[in-house]
Number of protein chains: 2
Amino acid sequence: MEPEPKARRVGTKQLHEEIVRLLAESGLKPGDQIPTEAELKERLGGARPTIREALKLLEQDGVIRAEHGRGRFLTAAGSIRIDRPITTFESVTEMARHFGYNLVNKILSVSEERPAADIAKALNLAKGETVIRLERLRLNDREPVLYCLDHIRRDAISDRVFDVDWSGSLIETLARYGARPSMSQARVRATFLPDDVAARHDLRDFGPALVIEETAYRDSGPPVLHAIDYHRGDRYAFSFLRK
Amino acid sequence: MEPEPKARRVGTKQLHEEIVRLLAESGLKPGDQIPTEAELKERLGGARPTIREALKLLEQDGVIRAEHGRGRFLTAAGSIRIDRPITTFESVTEMARHFGYNLVNKILSVSEERPAADIAKALNLAKGETVIRLERLRLNDREPVLYCLDHIRRDAISDRVFDVDWSGSLIETLARYGARPSMSQARVRATFLPDDVAARHDLRDFGPALVIEETAYRDSGPPVLHAIDYHRGDRYAFSFLRK
DNA sequence: GATCGAGGATTTATCTGACAACAGGCTTGC
DNA sequence: GCAAGCCTGTTGTCAGATAAATCCTCGATC
């Protein structure tokens with residue numbers, strides 16, 4: 001005899017996504033109660049612990065709030081969609097694309113150098129180790145919108161510096177050498193372009209810049225890249241959630 | 001007969017914290033394997049599903065990475081501590097305090113007004129509803145470091161506008177009226193102070209400002225507050241994690 | 001001796017079923 | 001009318017079992 005069409009095995013990750021979709025389509029408003037664990041089990045399948053893990057993730061996201069003995073409820077964050085939060089790690093190239101920009105890349109300089117003390121510390125370099133210093137300007141429609149100063153651990157790139165194509169996304173270039181970073185520690189501040197940069201590259205009209213300075217790490221731990229990106233103030237704004 | 005000193009009931013939240021502490025004290029480096037579920041159960045108590053829920057949270061935090069059949073491993077984020085990430089919701093007053101600033105509060109203006117269209121939309125106001133407009137300057141050691149423009153839903157405050165003490169943290173003031181916001185949707189950009197503000201309050205030397213513009217929501221859903229904070233560019237920088 | 005495969009050990013992933021704790025409404029007894 | 005107690009629904013935790021992935025060992029085979 002055929003056994004019941006046994007509830008398919010369902011993973012936490014999949015459930016997480018399905019619940020998000022379900023909530024999005026449900027038209028629930030903040031403060032409304034969401035389906036109970038039992039209902040979700042009915043509708044989506046999976047065992048209770050698995051469903052609970054998925055719900056716990058939503059709770060940590062700030063999308064729902066659990067009340068012991070009562071139920072789970074949608075919070076304000078549940079109805080807010082942040083399109084491309086700055087807290088998601090992605091390359092400036094990608095970021096710009098989603099701003100509707102189609103950047104042209106000008107390489108101002110590439111060289112192998114002895115790093116300054118703060119860079120050496122951020123990249124966890126031993127004495128004497130060098131970095132690749134990359135200075136680029138990104139134009140949108142002939143207008144400079146982004147000045148980037150990158151320092152890359154020399155040992156992340158196995159080729160000669162001048163053999164590498166630096167005109168694309170830096171993250172993807174690193175990925176090709178098996179050194180893709182997956183997260184970063186970042187700081188944001190507002191300032192002008194450094195005087196010497198503005199003078200050397202005719203950027204005196206760049207105006208106030210939104211600077212994102214970040215150290216990017218590989219999944220396995222070690223830092224790979226230190227990036228300073230000056231975003232033209234009147235062209236960029238970044239979104240995020242605080243909770 | 002006495003039953004065995006039954007393993008105490010242990011909650012997910014508690015386990016989450018204990019594991020974080022355990023990892024912090026363990027001296028593990030990124031890429032190292034962390035104790036298995038079985039070991040954690042041994043050392044911290046709790047049932048396996050509970051432990052797994054706590055570990056799942058750490059995984060979502062980006063602190064650890066699970067590999068089926070191998071174990072769990074510390075990631076780079078596990079060893080990075082961001083002191084006060086901008087992604088944590090707190091009042092500017094608190095934020096400044098942790099910068100080492102002891103702000104003096106100057107109220108430039110308080111009034112009840114008909115909001116502009118964008119504010120009305122952000123605060124989800126019906127036609128005709130009004131807001132409290134609050135304009136403040138924060139000084140550190142006689143130097144202006146922060147210009148704040150707040151719009152508060154009129155129905156969040158049950159007193160007369162001039163009876164309220166606006167000199168403290170706005171979040172706490174709202175809390176006193178039972179309208180404490182708990183999260184916000186924020187945007188950051190770089191610009192100068194608006195011309196009229198700079199002119200009216202003698203702030204022409206403020207320089208480039210880091211602007212955080214946010215709409216803050218109550219736990220139950222509705223927006224309460226729209227805030228625009230101009231942070232003096234050479235005094236402020238905010239940290240966060242990207243992953 | 002080297003190589004490949006089977007099998008076992010370890011670890012994470014999921015499932016099943018149960019009990020505990022809390023909230024809220026209902027009944028019942030006074 | 002009111003309060004204590006009970007019942008039900010919900011989330012929180014527990015215990016043990018099975019599934020799936022990875023890695024190591026050991027033995028057979030060439």
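All values reported here derive from a predicted model rather than from experimental measurement. In what follows, chains are A, B, ... by sequence order, proteins preceding strands, each numbered from 1.
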Is any side-chain nitrogen or oxygen of B/Arg70 closer than 4.0 Å to OP1 or OP2 of C/dT12? no
Just how far, in rounded Å, is P of C/dT14 from CD of A/Gln14? 9 Å
Would B/Phe240 and A/Phe238 count as a close aromatic pair, with their ring centres under 6.0 Å? no
Phosphate OP1/OP2 of C/dA13 contacted by A/Thr12 side-chain N/O (<4.0 Å): no
Rounded to whole angstroms, how far apart are NZ on A/Lys13 and P on D/dA20? 19 Å
Closest listed nucleotide, where the reference is the side chain of A/Arg48 and the choices are C/dT16, C/dA18, D/dC14: C/dA18
Nearest listed nucleotide, side chain of A/Val10, among C/dT12, D/dT11, C/dC15: C/dC15
Quick note, B/Ala66 side chain, CB onward, closest among D/dT13, C/dA13, D/dT11 is C/dA13
I need the CZ-P distance between B/Arg52 and C/dC15, as an integer number of Å. 11 Å
Judged by modelled atom types alone, do B/Thr130 and B/Glu112 share a side-chain donor-acceptor pair under 3.5 Å? yes
With a cut-off of less than 4.0 Å, is there a side-chain N or O of A/Thr36 near OP1 or OP2 of D/dG9? no
Pairwise 5' ranking along DNA chain C for B/Gly71 and A/Thr50, keeping only the more 5' one: B/Gly71
Looking at the base of D/dA20, is there any donor atom on it, or on the side chain of B/His68, that sits under 3.5 Å from an acceptor on the other one? yes
B/Arg43 side chain near B/Pro35 side chain, heavy-atom distance below 4.5 Å: yes
Whole-Å distance separating the CD atom of B/Glu53 from the P atom of D/dT11: 13 Å
With respect to the phosphate group of D/dT11, does any side-chain polar atom (N or O) of A/Arg65 fall under 4.0 Å of OP1 or OP2? no
Integer-rounded Å distance: C/dA21 C1' and A/Glu67 CD: 15 Å
To the nearest angstrom, the CD1-C1' distance between B/Ile64 and C/dT12 comes to 11 Å
I'd like to know whether A/Thr12 forms a side chain to side chain donor-acceptor pair (under 3.5 Å) with A/Glu53, so could you lay out the CA-CA distance, the side-chain angles of the two residues, the decisive distance to 0.1 Å, and finally the verdict. CA-CA 6 Å; A/Thr12 304; A/Glu53 280 184 11; 2.9 Å; yes
Starting at NZ of A/Lys41 and ending at C1' of C/dT16, how long is that distance when rounded to a whole Å? 8 Å
Keeping the roles fixed (side chain from B/Asp163, backbone from B/Arg160), state whether a donor-acceptor pair exists under 3.5 Å. no
Send over the distance from B/Glu59 CD to C/dT12 P, rounded to a whole Å. 11 Å
